[in-house]
Structure formats: C-alpha cells, structure tokens
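Structure, as structure tokens:
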Amino acid sequence: MTQRLTIRRPDDWHVHLRDGAMLAAVAGFTARQFGRAIVMPNLTPPVTTAAAAARYRTRILAALDEGTAFTPLMTCYLTDRSDAADIAAGHADGVFTACKLYPAHATTNSAYGVTDILALTKVLETLQRIGMPLLIHGEVTDRSIDIFDREAVFVERVLTPLTREFPALKIVLEHITTAEAAAFVAEADHPIGATITPQHLMINRNAIFDGGLRPHAYCLPVLKREAHRLAVRRAAVSGSPRFFLGTDSAPHVVGAKESGCGCAGIFNAPFALEAYARVFDEEGALDRFEGFAAEHGARFYGLPLNEGIVTLERDPAVVPDRIGEGDTAVVPFLAGESTGWRFVG
Ligand code: NCD
Ligand code: ZN
C-alpha cells in the first residue's frame, strides 16, 4: 500500500477566500497546499471591475505570510450591466483570469447576478474572442423547480443552448453534483471542463439530515442522492482532462451556519488535498490523482503547470472540530473524522 504520495504542486480552481478578518484567517490554508487558486468574486459588494479585482488581489497577498509562493487568479463577477471592454482590458492586463456567472439569487451573495444569461451577448462574444473562460454556477433559479433538480435543468435549458450559441466559448461548469452534468461535460463537443469539490465526492444528501439537521453539510449546489455522487466520483477519477480540482471552500462563521436560516457553504480548505487523496485511494486511482489535482485545470486554462511538489502521508490524524475563534470560528469539513492522510508540505 502506498504510504507516501508526492505529486506536482496542485491548484484550486474554485475557492472563496472572503475579505477582512475571514480572509486573514483562511487564506493561509489554501496557499499552503496550492500554487494558485481561482478566487471567487462574490464579496459584498461583488468584484465587478478590474480595478476592484486588482485591489482584492493586493489584500489577498497581504493576508499571507511574507514569502508565500501563491498566486491568486482573479475573477470578474458578471452582472446584467457588465462592461465587456473593462473585462477585456482587465484580462489583457493580467488582472482577470476568468469571468464568473452566478444566475441571480442562485447562492450566497448572488443578488447582483445575471437574470438572462443569453442576453449577455456582447460579454460572451468578447470572452469567446479573447479565449477567457466563463465559469458557471450551473443552477436554474426558478423556485418552481425542485432544488435537487436545478443543476440538471440548467444543463438542459441554459448550458445546452449556450454551447450552441457560442461554440468556441471556454466554459467551466463549477462544482458539479449530478450524473447529468458529469455526462454533459464528458461528452460535449465543446471546450468545456468542470470542477469537483471534496464534499460532492464524499457525502450525499443524507448527510444533511443525519440524525438531525446538519448545517455544516449544507452547500450549493446542494448534495444529491447517492447515484449522483457515484457518477461524479467516476468522472473525477476517470482521467478525463475535463475534470479538475476545485474545492469551493466557502467559510461562514459558525453562527451563520448554525442558524434558523443557515448559510450555504462548506469550509474544506485546511484538509482539502487529504480529502481528495482519500477518494482517489478508495477508488484505486492514486495514479490519476496528479492529473486531476495539478494538470488538467492548468491545461484547460492554458497556464503552465506548477514547478514544485507536495507530499501526503498516510496518517490517522483527526480533523479538528473548529478552526479559528470569535468572528472567524468555522467548523471544517470532516470535523471529528480522519481523512487517512496528512499533508506534509
Ligand atoms: C458559496 C459561498 O458561500 O460563497 N456557497 C456554497 O455553498 N458553495 C457560494 C457558491 O459557490 O455557490
Ligand atoms: Zn463557490
């Protein structure tokens, strides 16, 4: 049995680093494991301009210990009023790596999101022309659609026509949770990829209701039934270059989760690689772990692979019940459990 695993330094293609005290509390966990990360723009207010993204990038770097080798890759939050010229200029200047599309009201801080995606013609044409990826939170927001069906319906009603209208638009379907999304991404005749989170690989929707309501297992897109988890797992370990690591680590202070109306989001950054390693190990696919974690995403984005390496060791250490205190106290994913691995560095 493999006791030590060394791979090329990986990247996290979807993370929420927040701002202010929470940023200071969490950024180090991501920078410790990953060379780069695609940083989500859903702050309040959201990051909608290149100038705001450049300032946010500076705050992220200031939150890290001096000398930390970590590159935050910034994203632009699309709204109905997004300015294609500012986006293109931000991309040309190396500020923006990608644009993020939140359907309005789909998730945390998405009230400014897009009400009609196909109406964003000018922006989408620009992204297609300059080869800038569009990252999509793929859920319809129609409240008459069952919450467990919103991703599959999005694939059919929005993603399918979008890929037809913009055949060369690079798309990343973020945090996929269903067999339908996995199949679409695997098979589409289109430049498309998908990120996959540890939680959608490790737990199904029963975890939200396990002996009582479990707010720390609540994220969006919501966990699905077991058959979907298995389909997403097969996609992750398949070796297909279209699937890559994106934690969707989304910290919320404990009180905002343990509430009458708890926030969506799972904080998995402190033990992210360990969690993914467990999945690949269980699937007998440790030989494909490096591709998923450190190669497929960079190639999709057209970026060089990282130079360094990281090592994990088998270890029965248990994830702590809580990380941080006061305004930044967060319950991590897998609290009280062991991943079976330890990140050595
Ligand atoms: C994210 C957050 O808290 O910002 N929450 C989540 O459940 N994933 C938003 C998001 O990515 O949908
Ligand atoms: Zn997210």
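The residues of the chain are indexed from 1 along the displayed sequence. Order of listing sets the numbers, starting from 1, for every ligand and every atom in it. Values below: all heavy atoms of this structure, side chains included; hydrogens, waters and symmetry mates excluded.
Taking 2.8 Å as the threshold, His16 counts as a candidate ligand of the Zn ion (ligand 2), since one of its N, O or S atoms lies below it. His14 lies close to the Zn ion (ligand 2), since one of its N, O or S atoms is found at a distance under 2.8 Å. Residue contact annotation: Asp248 places an N/O/S atom under 2.8 Å from the Zn ion (ligand 2).
When all heavy atoms of Asp86 and Ala50 are compared, the closest pair comes out as OD2-N, 3.1 Å. Of all the heavy atoms in Leu17 and Ala27, the pair that sits closest is CD2-CA, 4.2 Å.
A cation-pi geometry, defined here as NZ or CZ lying under 6.0 Å from the six-membered ring centre and within 45° of its normal, does not hold between Lys224 and Phe148.
Side-chain atoms of Arg225 do not come within 3.5 Å of backbone N or O of Arg205 as any donor-acceptor pair. With Asp248 contributing its side chain and Thr197 its backbone, the two residues share no donor-acceptor pair below 3.5 Å.
Using modelled atom types and a 3.5 Å distance limit, the side chains of Glu258 and His216 yield a donor-acceptor pair. In the model, Arg18 has a side-chain atom that pairs as donor or acceptor with a side-chain atom of His252 under 3.5 Å. In summary, the side chains of Asp80 and Thr115 do present a donor paired with an acceptor at a separation below 3.5 Å, with no hydrogens or angles considered.
Counting heavy atoms under 4.0 Å from ligand 1, residue His137 touches it through the side chain alone. Neither the backbone nor the side chain of Glu139 comes within contact range of ligand 1; no heavy atom lies under 4.0 Å. With a 4.0 Å cut-off on non-hydrogen atoms, Cys219 touches ligand 1 through its backbone as well as its side chain.
Which parts of ligand 1 touch Gly265 is read off a 4.0 Å heavy-atom cut-off, strictly below it: atoms 5 (N), 6 (C), 7 (O). Residue-ligand proximity, Ala250 to ligand 1, at heavy-atom distances under 4.0 Å covers atoms 1 (C), 2 (C), 3 (O), 5 (N). Using a 4.0 Å cut-off to heavy atoms of His175, the atoms of ligand 1 that qualify are 11 (O). Near His14, meaning under 4.0 Å from any of its heavy atoms, are these atoms of ligand 1: 11 (O).
Between Ile266 and ligand 1, a contact under 3.5 Å exists for no N or O pair. Of the polar atoms of Tyr102, none of the N or O atoms is found under 3.5 Å from an N or O of ligand 1, judged by distance alone. Between Lys100 and ligand 1, no pair of N/O atoms sits closer than 3.5 Å. For ligand 1, the polar-atom distance check finds an N/O of Arg18 within less than 3.5 Å of one of the ligand's N/O atoms.
When hydrogens are left out, the protein atom nearest atom 11 (O) of ligand 1 is His16 NE2, 3.0 Å; that is the closest non-hydrogen contact. The protein non-hydrogen atom at the shortest distance from atom 7 (O) of ligand 1 is Leu220 N, 2.8 Å. Atom 12 (O) of ligand 1 has as its closest protein heavy atom Thr107 OG1, 2.7 Å. Considering only non-hydrogen protein atoms, atom 8 (N) of ligand 1 sits nearest to Asp248 OD2, 2.7 Å. At the shortest separation from atom 5 (N) of ligand 1 among protein heavy atoms lies Ala264 O, 3.1 Å.
Contact check for His137 versus Pro103: side-chain heavy atoms found under the 4.5 Å cut-off.
In this pair, Tyr77 and Tyr112 present their aromatic rings perpendicular. The plane angle is above 60°, beyond the 30 to 60° band. Using the six-membered ring where Trp is involved, Phe280 and Phe289 have ring planes that are tilted, between 30° and 60° apart.
For His252, the heavy-atom gap to ligand 1 drops under 4.0 angstrom.
Salt-bridge formation is detected for the pair Arg233/Glu282: a Lys NZ or Arg NE/NH1/NH2 atom is positioned less than 4.0 Å from an Asp or Glu carboxylate oxygen.
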